[in-house]
Amino acid sequence: MVTGRSLFLLVLCLWIPLEIVGRKEPSSPTSVDSSVSSRPKVVKFGALFPADSVIGRSALPAILAAVKDVNSSTSILPGIDLQVILHSTNCSAFLGTMEALQLMENDVVAVVGPLSSGIAHIISHVVNELHVPLLSFGATDPTLSSLQYPYFIRTTQNDYFQMYAVSAFINYHRWREVIAIYVDDDNGRNGVSVLGDALSKKRSKISYKAAFSPGASESDISDLLNEVNLMESRVYVLHVNPDTGLAIFSIAKKLGMMGSGYVWIATDWLHSVLDSSELPDPDTMNLLQGIVAFRHHIPDSDLKKNLLSSLKSQRAKETVSFNSYAFYAYDSVWLAARALDAYLNEGGNISFSSDPKLQDTNGSMLHLASLRTFDGGPQFLQTILGMNFTGVSGEIEFDMEKNLVDPAYEILNIGGGGSRRIGYWSNHSGLSVIAPETLYLKNSSNTSLLRNQQLYSVIWPGEITTTPRGWVFPNNGQPLRIAVPNRVSYKDFVSKDKNPPGVQGYCIDVFEAALKLLPYPVPRKYMLFGNGVRNPSYNELVEQVAQNNFDAVVGDVTIVTNRTRIVDFTQPFMPSGLVVVVPFKEQKSSPWSFLQPFTTQMWCVTGAFFLFVGSVVWILEHRLNPEFRGSPRKQLITVFWFSFSTMFFSHRENTVSGLGRLVLIIWLFVVLIINSSYTASLTSILTVRQLSSQIEGIDSLISSTQPIGIQDGSFARKYLVDDLNIAESRIVTLKNMEDYIDALQRGPEAGGVVAVVDELPYIEFLMSSTQCKFRTVGQEFTKSGWGFAFQRDSPLAVDLSTAILQLSESGDLQRIHDKWLNKKECTTVDVDSNKLALTSFWGLFLICGIACFITLTIFFARIFCQYNKFIPESEKIDEEIQPVRRSRRPSRTPSLKKWMVFVDKRESEVKEILRDNKKRRHSQSLEDPSVSSAI
């Protein structure tokens with residue numbers, strides 16, 4: 001055990017090796033230059049960390065307890081006395097290096113520590129040269145896992161995972177920008193760098209990195225926090241050292257940065273401080289109200305409870321609690337002991353040899369020759385990395401990058417006199433309110449867990465439960481710089497104004513109305529973009545926002561793909577799309593206008609069905625209805641008359657058969673639909689004015705070779721040339737609405753344009769302003785909208801989108817539209833839109849055709865049955881006797897003429913003949929029995 005004198009020397013002495021702690025005093029050196037026994041009696045390892053630090057005060061008793069437990073074990077290193085040599089780095093990279101060199105003079109097989117990542121970087125070069133594994137339970141810098149440090153083994157969690165946990169928490173609350181406050185050392189810089197990478201994957205970012213030196217004074221920190229407080233983001237991630245971190249909160253409190261609206265996220269350093277004190281100072285806890293902090297997740301177990309009980313009993317007088325690093329330190333000693341036991345059992349030797357490269361020259365007093373290389377270091381290193389056991393801190397196993405498997409963190413919310421756990425994070429399950437080890441046992445898929453991220457509610461600074469917005473407008477006196485296009489045409493949408501705020505129009509009123517719905521004020525300054533002679537380039541205007549020359553653009557800015565790649569747009573407040581507009585004038589109706597309602601195909605099919613249905617009805621009625629009988633000429637005239645008279649429901653012939661009536665009812669329904677559709681279409685054609693242009697839409701415009709007009713500054717030029725492959729020489733730029741009217745009226749023959757391609761809102765305004773002298777043809781061939789553009793990840797874009805939706809739902813958006821743009825509406829003309837095609841009626845024709853087919857089938861089946869009974873008696877008897885007398889000879893088939901004669905007979909006449917035949921056969925059977933027997 002370490003005596004009080006040894007602990008005193010541990011803190012104050014730097015150059016004198018501290019007392020060796022073990023089960024008994026070593027009786028001989030650990031090794032010699034030559035090979036020694038594979039089972040030595042004494043094995044030494046070093047412990048390198050400041051015992052007077054926050055982490056060191058928890059780690060030291062844990063290391064001593066681990067050495068005691070290992071030496072008491074009968075299964076690990078039996079017969080071997082494990083001893084630890086304690087050295088302090090005194091939180092200095094230079095002094096720590098000196099201490100490490102002195103420690104190595106004792107031929108240790110492993111080193112536990114250091115705590116500082118900066119010191120670990122330097123000492124890792126020493127252990128690489130001497131082949132001594134460095135087991136660090138406190139150095140969390142992610143870059144220490146690089147291949148540059150093969151002998152560095154991290155026995156705590158890598159900050160890489162903690163930063164991803166912080167990123168997940170930030171993304172859960174949908175904050176897009178944070179400010180990182182950190183100590184400018186290896187651990188701080190590299191940890192914040194990983195945080196930036198993690199946030200970028202979630203479309204968030206670190207808006208500012210506020211770094212201060214390790215020895216910064218309160219004045220320096222106060223100046224830094226004042227600078228941070230002037231910025232937009234109110235979400236702060238604090239990644240500092242445990243020994244100095246609380247001072248930052250104290251200064252922030254004085255600056256008013258711990259109230260409502262602020263979010264403070266502390267990494268694991270904060271709970272390292274709080275957990276090290278069994279009874280935290282009430283003033284400290286009042287300072288930390290509402291802070292969210294992360295802590296290593298150490299699963300509850302009997303090993304953990306027994307260790308805590310043992311540690312507290314040994315240090316009862318000091319009433320000191322223990323943070324998570326104590327458990328990692330304890331497991332580090334056991335890892336070294338188990339690995340050493342396995343190494344020796346595999347036949348490994350504990351031997352050291354001199355390195356010829358380590359020689360003192362020119363009278364140097366560094367005594368480098370006393371440093372010797374561990375011969376079995378490479379094999380021992382692989383043994384350590386291959387270990388797998390359950391320790392106090394959880395599962396001790398390393399992945400391919402030498403990180404502990406299954407990293408997990410607790411997320412705690414400080415409030416009242418303690419902390420409340422609001423959830424967990426692990427790289428397996430993400431955010432969850434269920435302990436990670438429970439989720440591991442459920443074997444849930446990673447994808448399903450990540451879809452169900454959840455945490456308990458948080459009480460934020462200022463004792464508010466609503467999630468803070470996470471940003472405010474900067475307190476540096478700079479209003480939002482809003483660019484407004486200085487248009488020379490269509491000024492009702494947006495234009496310059498002599499009165500404040502200097503701009504006016506439909507777009508400005510929508511923006512101002514949306515701002516009034518926000519729960520916070522937005523200081524703003526409108527700035528005109530353009531020379532006022534011609535419309536500005538909207539692509540260039542959007543690029544100015546992306547380059548941070550403006551904060552936003554308010555105006556008639558179309559949301560197109562190339563712009564969304566560099567800025568964020570709000571919800572569209574005006575639907576839009578490109579259309580084709582052409583001249584329009586009155587024209588007299590054509591003498592053949594009555595043919596226009598139907599397409600040629602529709603006319604042909606309709607006429608054919610009139611004749612077909614008339615023929616079917618004639619067939620069904622011919623035998624029963626005298627109106628459908630007579631000479632062939634009369635019957636032919638009847639078929640044509642009946643067929644086409646049904647068009648006007650003026651047929652005078654009555655139907656008497658059930659089948660005929662069924663067909664006629666269905667056909668009259670079809671005729672009713674066709675008549676109504678024809679009448680409506682013809683009325684529309686005769687009352688709508690006709691186009692004076694041959695352009696019928698975008699397709700005919702592409703196929704032509706005539707010039708096309710576009711608005712100056714519009715994205716339409718790029719779309720027509722790049723996407724529709726229209727020759728750029730055909731594009732004519734028009735500056736204002738007067739140019740539109742002049743170019744369209746002159747036409748291509750007089751130096752004008754055949755059509756204009758522009759966005760629908762402009763064209764609707766043009767048509768209404770010119771009393772509908774122009775019309776759009778075809779349909780919109782692009783679908784988009786107008787929105788307000790902001791810099792990427794601007795929170796204002798999201799809030800204004802919600803406000804625009806509220807304006808739309810309340811009807812205020814329509815009222816603003818009516819105020820500026822409530823003009824005469826002009827209908828869109830589609831040249832072929834009034835023509836009715838067969839595709840609209842083929843279902844009716846199909847039903848009618850099926851009905852005709854079924855009725856004809858029934859009719860001819862009945863005729864066939866009657867015809868079999870109508871065959872003359874002599875022929876009937878002959879046909880029935882012939883198969884008896886001459887087997888396999890075919891019977892005679894009735895001639896077509898007899899069949900047609902039979903079908904043409906009246907139904908009543910046929911029935912009378914059948915009754916007579918039946919009586920004749922009956923009387924013959926009574927008079928001539930031979931015929932009856934032959935039959």
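As a basis for the values below, the full set of heavy atoms in this structure was taken, side chains included, without hydrogen atoms, waters or symmetry mates.
S217 and D220 share a side-chain donor-acceptor pair at under 3.5 Å. In the model, D197 has no side-chain atom that pairs as donor or acceptor with a side-chain atom of Y160 under 3.5 Å. Side chains of R57 and N323: a donor-acceptor N/O pair is absent below 3.5 angstrom, by distance only. Side chains of N539 and S537: a donor-acceptor N/O pair is absent below 3.5 angstrom, by distance only. At a cut-off of 3.5 Å, with distance as the only test, a side-chain donor of S429 or S426 sits close to an acceptor on the other residue. Between the side chains of Q157 and Y409, no donor-acceptor pair of N or O atoms lies under 3.5 Å. A side-chain N or O of T140 and one of N187 form a donor-acceptor pair less than 3.5 Å apart.
A salt bridge links R295 to D275: one of the charged nitrogens lies within less than 4.0 Å of a carboxylate oxygen. Using a 4.0 Å cut-off between a side-chain N of Lys or Arg and a carboxylate O of Asp or Glu, E512 and R524 qualify as a salt bridge. For the pair R203 and D568, the salt-bridge criterion is met [side-chain N within less than 4.0 Å of a carboxylate O]. A salt bridge links D186 with R189: the distance from a Lys NZ or Arg NE/NH1/NH2 to an Asp or Glu carboxylate oxygen falls below 4.0 Å.
Between F550 and Q791, the shortest heavy-atom contact is O-NE2, 2.9 Å.
Under a 3.5 Å cut-off, the side chain of S784 and the backbone N or O of V560 do not form any donor-acceptor pair.
Each side chain to side chain donor-acceptor pair (under 3.5 Å) pair with one or both residues in residues 457-474, not counting sequence neighbours, would appear here, but there are none. Sequence neighbours left out, the pairs with a member in residues 556-567 that pass salt bridge (Lys or Arg N to Asp or Glu O under 4.0 Å) are R487-D556.
Ring orientation note: the planes of F137 and F49 are nearly perpendicular, at an angle over 60° on the 30°/60° scale. Using a 30° and 60° split on the angle between ring planes, H296 and Y325 fall in the perpendicular class, above 60°. Between H121 and Y149, the two ring planes are perpendicular [angle over 60°; tilted spans 30° to 60°].
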